[in-house]
Amino acid sequence: MRTEQLSTPCYVVDESLLVRNLDILRGVMDRTGCRILLAQKAFSMYALYPLIGQYLSGTAASGLYEARLGREEMDKENHVFSPGYRNEDFDEIVSLCDHIIFNSFSQLEKFKNRALRAGKSVGLRINPAYSTQEGHELYDPCAPGSRLGVTRENFRPDRLDGVEGLHFHTLCEQDAAPLVRTVEAVEEQFGPWLPRMKWLNFGGGHHITREGYDLAALEACIHRVQETYGVQVYLEPGEAVALNAGFLVTTVLDTFRNGIDIAILDTSAACHMPDVLEMPYRPPLLGAGIPDEKPYTYRLGGPTCLAGDVIGDYSFDRPLAPGDRLTFGDMAIYSMVKNNTFNGMPLPSIALRNADGDCKLLHRFGYNDFKCRLS
Ligand SMILES: *Cc1c(COP(=O)(O)O)cnc(C)c1O
């Protein structure tokens, strides 16, 4: 069917836009020999894993369930990092994953032998305590008091037995220059132990597929690290894989005025795009402008009871009316994976659009998806 025929709210992921990103990532792999994994936490639409697996080296997981999804649906290299593994999960994690990355020396010592006995590669997450983002503490693993990664101060070179790789993840939606500076900070603090490692994982947060990203600087950095230390470099971007590859199609339910013009949509910021409130950010809306750029400005909000369930203020060429359809952009990442049914909100359907513009409805959710989680 065509996009216009989908009932709303519905996520539509566009295969050609995804492939455009995958081509760029594949180019980085081909030119540098690095390996790139999909960080599933950003995008777990597993119907696309076979396609993604044609381009990337595998999946990165944050725990047992993502590890299992990666193994079941892509079945390539599967890496896992968690700040805390549960004893009862660990043997299954070992059976599913190739690289198992620990967040502390205590977790490393508690579990590493079970991983090593199974022939798995064991890694440690380090924290260079080198912040490259400002005013963004929710997304800064290098903030003071961070619970993510071992800092140089707490690093114990005498306890590295069995550790084959180091992992850092400190960036968020950033260009190559902050990565280059971060790698220098890592070398300054952890350089003496890099030559004995087999791999170094640069984490995610690389906005590689964004217009204007400095690919040459990224590739030079990867080359230099691989040549200097003899390590295999890994990247595990989430955002960059599906950046701008998906949409959320919604319908206007009502419009009215309270000092400003307001439109209520059948989608919710709190339930269907929580990053709009958490980051916060303003999602692109196709055909709309910033407030007052076009003649009719509306505040767009959801149908929940949360007063702040507001997506943002947008302007339009014509007044909005109930039944109008609106399409938000960049809705593939950190959307489906973060959905919730607060207020009894239905979950948006999930559709895939192919290169001909044909849409296939992959999943429609219903009342039971709401009810089954509540007792
Ligand atoms: C979140 C995360 C990623 C992916 O980050 P993006 O910003 O989506 O690229 C990769 N690795 C780890 C350890 C993460 O926590």
Side-chain angles (χ1 to χ4, degrees), residues 13 18 21-22 24-25 28-29 34-45 48 52 56-67 69-70 74 77-85 93 97-104 107 123-128 131-133 136-143 146-150 165-176 178-179 182-183 186 199-210 213 215 218 222 233-246 273-275 278-279 281 330-338:
V13 172
L18 184 71
N21 291 342
L22 292 170
I24 295 172
L25 296 171
V28 173
M29 290 171 59
C34 83
R35 297 192 190 153
I36 301 185
L37 311 168
L38 163 70
Q40 296 176 90
K41 128 183 157 222
F43 185 69
S44 302
M45 188 173 155
L48 287 161
I52 296 171
L56 304 187
S57 300
T59 39
S62 320
L64 175 60
Y65 290 172
E66 286 184 356
L69 189 68
M74 195 179 303
E77 273 193 58
N78 201 16
H79 298 201
V80 64
F81 161 78
S82 170
Y85 294 104
I93 285 179
C97 296
D98 308 294
H99 284 205
I100 299 166
I101 300 159
F102 296 97
N103 189 51
S104 67
Q107 282 262 303
L124 183 70
R125 178 164 174 172
I126 52 173
N127 182 341
S131 290
T132 53
Q133 12 181 356
H136 222 178
E137 238 178 61
L138 186 60
Y139 296 95
D140 185 4
C142 294
S146 169
R147 59 187 223 298
L148 297 168
V150 179
L166 297 177
H167 173 289
F168 65 85
H169 169 72
T170 68
L171 306 180
C172 179
E173 301 189 332
Q174 284 167 285
D175 210 313
L179 170 67
T182 299
V183 167
V186 166
W199 51 266
L200 182 61
N201 187 323
F202 288 2
H206 319 284
H207 236 187
I208 300 170
T209 51
R210 181 183 64 196
Y213 182 94
L215 282 175
L218 170 70
I222 295 169
V233 166
Y234 283 90
L235 308 181
E236 45 181 33
E239 283 221 23
V241 175
L243 187 68
N244 290 317
M273 45 183 108
D275 270 4
E278 265 178 38
M279 284 236 16
Y281 84 104
D330 200 18
M331 281 290 158
I333 49 173
Y334 294 106
S335 53
M336 291 169 233
V337 289
K338 288 189 132 187

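Worth saying up front: this structure is predicted, and the values here are computed from it rather than measured. In listed order, ligands and their atoms are each counted from 1.
Listed by chain and residue number, Q133, H136, C172, D275, E278, M279, K338 satisfy the side chain to side chain contact (heavy atoms under 4.5 Å, CB included) test with Y139 (two or more places apart in sequence, or in another chain). In terms of the salt bridge (charged side-chain N to carboxylate O under 4.0 Å, His left out) criterion, residue partners of R210 (sequence neighbours excluded) are, by chain and number, D175. Residues satisfying the side chain to side chain contact (heavy atoms under 4.5 Å, CB included) test with N127, not counting sequence neighbours, are A129, C142, S146, T151.
You'll find the ring centres of H169 and F81 outside the 6.0 Å limit. Between F168 and F202, the ring centre distance stays below 6.0 Å.
Of the residues listed (L235, I36, L25, L37), the one engaging S57 in a side chain to side chain contact (heavy atoms under 4.5 Å, CB included) is L37, and it is the only one.
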N or O contacts of ligand 1 with protein under 3.5 Å, please list pair by pair.
{"residue": "ligand 1", "atom": "7 (O)", "partner": "G205", "partner atom": "N", "Å": "3.4"}
{"residue": "ligand 1", "atom": "8 (O)", "partner": "G238", "partner atom": "N", "Å": "3.4"}
{"residue": "ligand 1", "atom": "8 (O)", "partner": "E239", "partner atom": "N", "Å": "2.9"}
{"residue": "ligand 1", "atom": "8 (O)", "partner": "Y334", "partner atom": "OH", "Å": "2.6"}
{"residue": "ligand 1", "atom": "9 (O)", "partner": "G205", "partner atom": "N", "Å": "2.8"}
{"residue": "ligand 1", "atom": "9 (O)", "partner": "G238", "partner atom": "N", "Å": "2.9"}
{"residue": "ligand 1", "atom": "11 (N)", "partner": "E236", "partner atom": "OE2", "Å": "2.8"}
{"residue": "ligand 1", "atom": "15 (O)", "partner": "K41", "partner atom": "NZ", "Å": "2.7"}

